[in-house]
Protein chains: 2
Amino acid sequence: MAQKIKLSTIAESLGVSTATVSLALRDSPLVADRTREKIKDQARALGYIYNRRAASLRTSRSGIIGVVVHDIMNPFYAEILRAIESELDRNRQTFILSNHYDSVEKQRTFLETLLQLGSDGVIMSPAIGTPRDDLLLAENNGMPTILIARSVPDIDVPTFRGDDAYGIALATNHLIGLGHRVIAMIGGTDQTSTGRDRYQGYVDALKKAGIEVDPALRIPGPRTKQGGFEAAVNFLSMPQKPTAAVCWNDLVAIGLMNGIQRAGLVPGRDISVTGYDDLEEASIATPALTTVWNGQSEVGRMAARALLDKLAGSHAEDYLHLIKPEMRIRQSTAPLHPR
Amino acid sequence: MAQKIKLSTIAESLGVSTATVSLALRDSPLVADRTREKIKDQARALGYIYNRRAASLRTSRSGIIGVVVHDIMNPFYAEILRAIESELDRNRQTFILSNHYDSVEKQRTFLETLLQLGSDGVIMSPAIGTPRDDLLLAENNGMPTILIARSVPDIDVPTFRGDDAYGIALATNHLIGLGHRVIAMIGGTDQTSTGRDRYQGYVDALKKAGIEVDPALRIPGPRTKQGGFEAAVNFLSMPQKPTAAVCWNDLVAIGLMNGIQRAGLVPGRDISVTGYDDLEEASIATPALTTVWNGQSEVGRMAARALLDKLAGSHAEDYLHLIKPEMRIRQSTAPLHPR
DNA sequence: CTGAAAGCGCTTACAG
DNA sequence: CTGAAAGCGCTTACAG
């Protein structure tokens, strides 16, 4: 590696000042066209690499945005991330990603790293149990925060997520409309706003239809294919003999359908199953999964947009932005008929 | 947000020099125990945030490592990333992630960003068509590079990947051993080292078994579930009536199995299907997928380790590290019997 | 064991 | 339109 090329290297080689070089490279109208051309050519010729650390030390803007979610291996988050990425790319912002795996400590470490790097802002799906103080840590140090997918109670931070209670009611009502009366709820936890809202939406929909709610029909558990797969045995041996399952998300639903098939039954015929999220994968599952579109790409795009707007100085008034979910009816649900 | 706390704020409030504060916070033995305690307490009390940009401007070490892969939404890369993440976390390195979606331009932009941020190194699964010069750009500017999953010809950069020709031969031989003679190859492309190696491994295995190779039995295509799903129609209508399919990867295999089921056939009974990678998902597919373990976690762990060692000054001799794949026999393959 | 001073590579008033 | 100089917040010789 040859000697380091910096602004002053270019300046000296051309007999101009570093101020002029700095302005020229950033296309300032203060610099004469000919000077600018000359400088840019020379920068290219020398293989100059702009030192963002030095610049950001001076400007206190880093061009870095942090993103932290539960787990990027989960396609639900991956779809949100893809939307965030494309929005940030378009605005030439670099993003730094981290999983928190619902560890508040891991999340806090990441927030501290972002502060140390001078990150301009952060988009986060908060870990279960995220304390107010951790969000204040970011805000108080000048790092604007946007929440996605989950809410944190009692704090005024812009939040973008789907309307979970409404969405799960769509799925539950769809099954009730097909004649199902014994409907289990598979997967999920009460520890997140999402979890509470989804269970409540399911309960409310049943009550509204005059169906008695049996808490034993709920099988909480991991929100993964593996989780749904493992719940199948339990589900199939319930004494209440449920004919349908409202699943926490598509992953659980696909896992559950696999488990049902292993037991020799046919999902979509013997048992109706609904998912949640409408992942890209839902439509090519077998049977194609009836599910609820949860607006991942909308959430990602809007959250990124909101952060960029905030950085540009605009002031948003609304703190909670609920995306309206939509039903996607496919082959995994069917009218009730005797088993 | 209160006034910015920096080293000098702490120094002044305690009547010591910034040099002492700097050393104390980094646990230098040069500082007296009592002084260090006092300084650390004060830093905590004031809510001091270490400015890594300033430090790295001085030390020219950023603690940042770049990782770029084709697509983190692909579970194959996600599994590698998880291993990289855990290794880098353990060593308190921050990583910045990017997808290149096989765009050489997007990849180059990312490499330039990393250079501008003073990234200490980069781990990359090179985009199709990555030119030598792009890798040299990194190396020549003092950013060590490690390749994963794919090779770039004619360049001496440490590379960690599975032995594709060997692995695909395992799958092909497994099917031949079950009596299959008309075996299709589904998915993939000739544009990557992986693609060429896998096709060659399949061809060689057939030849070795005395089976004539029919190029029409190959259906190249996207390496996704969707790709496998869409290939099913084509596959099932082949005049040669293949009884088995060697798939490019697990995603293609799972998609193909879904497509086969949609057509009313039973994968693992009517048609044997092998995958590649042994994703977490392979074992819970229905039928459980016979596949080839491709060592994602090994690749990630070893690549991260190699980069950290290189940063620590050690000199590796070997450039190509091939992980030996292993057969995982499950229910998607069965002895040949008349259709 | 501690302090004064220089310097990492930029950008930004300010002067001309 | 261009230049000289200060300063962003650290770390690192060097001196004491």
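Only this structure's heavy atoms are used, side chains among them; waters, hydrogens and symmetry mates stay out.
For B:Asn51, the side-chain atoms get nearest to D:dG9 when compared with the rest of D:dG9, C:dC10, C:dT2. Of the listed nucleotides (D:dT11, C:dG9, D:dG3), D:dG3 has the atom at the smallest distance from the side chain of A:Ser17. Of the listed nucleotides (C:dT2, C:dT11, D:dC10), C:dT11 has the atom at the smallest distance from the side chain of A:Tyr50. Here the side chain of A:Leu7 is nearest to one of D:dG3, C:dT11, C:dT2, namely C:dT11.
Nucleotide D:dA13 is matched to nothing when pairs are restricted to Watson-Crick or G-U wobble geometry with both distances under 3.5 angstrom. If you check D:dA4 for Watson-Crick or wobble pairing at under 3.5 angstrom, you find it has no partner at all.
Following rounding to the nearest Å, A:Arg61 (CZ) and C:dG9 (P) show an atom-to-atom distance of 25 Å. Atom CG of A:Leu23 is separated from atom P of D:dT2 by 10 Å (rounded to the nearest Å). Following rounding to the nearest Å, A:Leu117 (CG) and D:dG9 (P) show an atom-to-atom distance of 16 Å. If you take CZ of A:Arg53 and C1' of C:dT11, they are 16 Å apart, rounded to a whole angstrom. When the P atom of C:dT2 is taken as reference, atom CG of B:Leu25 falls 14 Å away, rounded to whole Å. Residue A:Ile49 contributes atom CD1, which lies 18 Å from atom P of C:dC8 at whole-angstrom precision. In this structure, B:Leu30 places its CG atom 16 Å from P of D:dA15, rounding to the nearest Å. Rounded to an integer number of Å, the gap from CG of A:Leu57 to P of D:dG7 is 14 Å.
Contact annotation for B:Gly15: backbone-only contact, meaning every heavy-atom pair under 4.0 Å involves sugar-phosphate atoms and none involves a base. Residue-level contact check: B:Thr35 touches the backbone only, with heavy atoms under 4.0 Å from sugar-phosphate atoms and none from bases. As judged by a 4.0 angstrom heavy-atom cut-off over every strand, A:Ala19 is placed among the base-contacting residues.
Applying the 4.0 Å criterion to OP1 and OP2 of C:dG9, one finds that A:Tyr48 has every side-chain N and O outside that range. Side-chain N/O atoms of A:Ser22 include one lying less than 4.0 angstrom from OP1 or OP2 on C:dT11. Contact check, B:Arg26 against D:dT12: a side-chain N or O comes under 4.0 Å of OP1 or OP2. Using a 4.0 Å cut-off, no side-chain N or O of B:Ser60 falls inside it from OP1 or OP2 of C:dC8.
Summary of the strand contacts: B:Arg58 and B:Ala32 both lie near DNA chain C, and taking for each the nucleotide with the nearest heavy atom, the more 5' one is attributed to B:Ala32.
A side-chain hydrogen bond (donor to acceptor under 3.5 Å, both in side chains) with B:Glu87 is found for exactly one of B:Arg301, B:Arg305, B:Gln93, namely B:Arg305.
The aromatic rings of B:His70 and B:Tyr101 sit perpendicular to each other, their planes meeting at more than 60°, with 30° as the lower class boundary.
Checked by atom type, the side-chain pair B:Thr192/B:Arg150 shows no donor-acceptor distance below 3.5 Å.
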